[in-house]
Number of protein chains: 4
Amino acid sequence: MSQEQGSKAAEGGPRESERRRTILRAAVDVFASKGYHGCRIADVAREAGVAYGLVYHYFKNKDELLETVFETGWSGFFARVRAVAQGEGTLEQKVHGITTVAFEAYRVDPRAVKVLIVEIARSPGGRVNRQTAFMDAIQLCEEMLSRAQAAGELRPEVDPKLAAALLFGNIEMGFTALVFGMVDPRDPEKMERARRQIAGSFLYGVLARDADPEAPWSKDQEKSAARSKVARRS
Amino acid sequence: MSQEQGSKAAEGGPRESERRRTILRAAVDVFASKGYHGCRIADVAREAGVAYGLVYHYFKNKDELLETVFETGWSGFFARVRAVAQGEGTLEQKVHGITTVAFEAYRVDPRAVKVLIVEIARSPGGRVNRQTAFMDAIQLCEEMLSRAQAAGELRPEVDPKLAAALLFGNIEMGFTALVFGMVDPRDPEKMERARRQIAGSFLYGVLARDADPEAPWSKDQEKSAARSKVARRS
Amino acid sequence: MSQEQGSKAAEGGPRESERRRTILRAAVDVFASKGYHGCRIADVAREAGVAYGLVYHYFKNKDELLETVFETGWSGFFARVRAVAQGEGTLEQKVHGITTVAFEAYRVDPRAVKVLIVEIARSPGGRVNRQTAFMDAIQLCEEMLSRAQAAGELRPEVDPKLAAALLFGNIEMGFTALVFGMVDPRDPEKMERARRQIAGSFLYGVLARDADPEAPWSKDQEKSAARSKVARRS
Amino acid sequence: MSQEQGSKAAEGGPRESERRRTILRAAVDVFASKGYHGCRIADVAREAGVAYGLVYHYFKNKDELLETVFETGWSGFFARVRAVAQGEGTLEQKVHGITTVAFEAYRVDPRAVKVLIVEIARSPGGRVNRQTAFMDAIQLCEEMLSRAQAAGELRPEVDPKLAAALLFGNIEMGFTALVFGMVDPRDPEKMERARRQIAGSFLYGVLARDADPEAPWSKDQEKSAARSKVARRS
DNA sequence: CATGAATGAGAGTTCATTCAT
DNA sequence: CATGAATGAACTCTCATTCAT
């Protein structure tokens, strides 16, 4: 997706038209603030500072524009989640890794995340792509959880599919809390605490509890901090 | 809601117009299947089997119709949640009660819940009411959690507001899983297991663990099941 | 029009239903304040304090309602104008009489006059009745003027038809001045002065001047004629 | 207006869109024949030979279209009237000038005048502009008459404001007579005679009568009658 | 590439009119 | 007589999409 280098412009333009990206960027912003249905192509064009006929040079129609916004935003997120889910580490590490990916995405581009969450993930009658994509992520985590379960990290009575859904439910609710202004996104410490609570809450609910007498996010910050990122299992 | 007797004002007083309820019901169904933006007033009218203009006899405009769908659905849900949150019982019982209320609502009228979740709770630029209502519920739970925290039921380092949000995040994601077809709503046992996982997952994450060494979904099912306040039928 | 003694009840009901008159009255008021097109039947009904289905008991449709408002208001006015125009007296007396009738009508029921002037006399594509009625009045005055012309009261070169139209033009503009608030209708003296100026202005323009050899506004007729800037043809 | 050359901005600068003018022209015609309320935007579009939506490309809504029709027609008329009223000449010359401006406007574009008179000047609940504009013209003439009165041209007992209103009342009634078909607009001579009767009628009513100390409609009819203005040719 | 005028189907809303009670 | 729920045609306005320049 990012390698569209074959420039159509003759001289030597880089991968993707500058204009196209401008429009995409504008679309993210406008969708985020007014919603997909609440905005007009003209709004996107104005935000991008181009004539609105130009939008149709780069995108077949409004829906494809939304689709592209989705792809662009989602593919990066998905790739990072997959890297974590299929990489090395304990389940705990992976869960913290996934939440970190999510929160980082929000920090970098909250608007894009908002569009993903609000406009796309739940749009009724959504195109196949979107539902599929969302399911893909859950599927990915389900597999991760199944492997963990097989390895004894996850309690056997937990349903991996539902647990995967809940993981994203937690993440999404965290975002919602951000979007609704319940947490100040500019306070890194609060953000990190929220993230840890989300990951921790999930983990407590599903982790096998054979060997961990300790509190998830005990007063002993060092300890808990140490746990989050790196993982350790005594 | 279930007593549709023939006469207009036979037994229960003046009530609400039969037709008005028919339209409201149709609106719920149409919104649920095609989304607010994707449906036309004509669809609602056809679904209700009434003339186009009659919708406007009972509702000022499309938006007020949505608003009313919201109020109608939400107020009942909210009242039940409040009864549980402000009633008697341990935090654990209450959390199980709240999730039970939510799942019961879904069982009774999945379409209405879908509209609440998909169309309203997240609609961008939503009317004050909707956002407020959602916040109200979280506020309610926050207070419940604060009291529990003061009583030592909740670990002190947990942020009640965020925890309240996460509780609803869990519930909502459970619904989403249902809506997306990940759990078959007609299988009561699966439903109950999902509910218990959601409640349990949340509780594990926040409960003080001095007094309850036991797992919520331990083998000893009777106990935890018994706690489920609302929908238990011993 | 003024003898509405009868009771509404069946036993001794006179000519017209009480309710019907109430509705008619309301129609006059509503038409006067919001215009024919700007109001709904519901407005008339509300103003009259009746259910709006009732309007259709007494009037076939909205247009007939307007028509009736017109007839009711116009017939009285027309009858009085005719009495003056076809009665005894000099042309001067008659003209003063006609203006007096008009101003009196305004004093008694300004709203009705406003409807007559604003809504009916000039409505485009008006029904035959309305135009006819207006023309009838002009016709009436034309005949009056023709007789006066034959009697030497009117200068021979004056066109009676145009003069008749101008008479009503003067009257109407006087009303317009009232409607627009340029003259306070509650000041009888000002009203009378306005009326006299209107009648006088008209009379000056058309009366025969047997004994006035002098030019109206300059001794030198040629000169003044020559002054007519644009359209003069020496 | 008459130079419809092919190119968009060939000779006269940027101007106004050709299409916009076409639509405006069509609006005048349609309003004139069916009235503002009686016509649909579709009628205007069809008359103009353009697509429905284009009307909304150039005008915000139906009301703005009417407003623009008004401005366009009125501003030209008003400017000409002002040029006369504030220019050089005797009161008599000016009054003749003003009536000439009005009749000329009718000759050039009777439809536009009809819309001005029938649809706008009297529309109930009209926008500020319209009423204001009408008042402006009367105000203009009132000032003209006041100056004339100070100069002794106007009889002192005449109220300039009312007289100004009556002048326009006369003019307007002349138009009405034309609109109603009482005078054939294609007969220049009849038109001119009507115009002169209107101007003369007004002048007789208000001009100072240096040689006539008597009341306008005194008992001494002969004298006052003598002043008839319209058509005498010594 | 870029522009924005032009198109027209579609949707929300109004309201005159009917009719069962 | 009286009521107001019910009907649906008509109309305004929007906006995605096309296309000539």
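Throughout, a chain's letter reflects where its sequence line sits, starting with A, and its residues are numbered from 1.
Looking at residues two or more places apart in sequence or on another chain, you find a salt bridge (Lys or Arg N to Asp or Glu O under 4.0 Å) between Asp109(C) and Arg25(C). Applying the side chain to side chain contact (heavy atoms under 4.5 Å, CB included) criterion to Thr72(D), with sequence neighbours excluded, gives Leu24(D), Thr68(D). Take Arg19(D) and apply the side chain to side chain donor-acceptor pair (under 3.5 Å) test, not counting sequence neighbours, and it matches no residue.
Looking at heavy atoms from C-beta onward, Arg111(A) lies out of side-chain contact with Phe31(A) at the 4.5 angstrom threshold. Under the 4.5 Å side-chain criterion, counting only non-hydrogen atoms from C-beta, Lys34(D) is in contact with Arg40(D).
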Under the 3.5 Å Watson-Crick or G-U criterion, the dot-bracket string of DNA chain E, with | for inter-strand pairs: .||||||||||||||||||||
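Side chain of Lys114(C) to backbone of Ser33(C): no donor-acceptor contact under 3.5 angstrom is found.
Taking only side-chain atoms of Leu54(C), from C-beta outward, the nucleotide of dT7(F), dC1(E), dT3(F) with the closest atom is dT3(F).
As rounded to whole Å, 15 Å separates atom P of dT3(F) from atom CZ of Arg46(C). Computed from coordinates, the Ile23(A) CD1 to dA2(E) C1' distance equals 10 Å when rounded to whole Å.
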Treating primed atoms plus P, OP1 and OP2 as sugar-phosphate and everything else as base, which nucleotides of nucleotides 15-21 of chain F get B, S or - for protein heavy atoms under 4.0 Å? SSBB---
Can I get a per-line list of side-chain donor-acceptor pairs under 3.5 Å for residues 45-61 of chain B, giving both atom names and the distance, sequence neighbours left out?
residue  : atom : partner  : partner atom : Å
Tyr58(B) : OH   : Ser17(B) : OG           : 3.1
Asn61(B) : OD1  : Asp63(B) : N            : 3.2
Asn61(B) : OD1  : Glu64(B) : N            : 2.9

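The two residues Val69(B) and Ala27(B) make their nearest non-hydrogen contact at CG2-CB, 3.9 Å.
No engagement by Phe59(D) is indicated, since no non-hydrogen atom pair under 4.0 Å with the nucleic acid exists.
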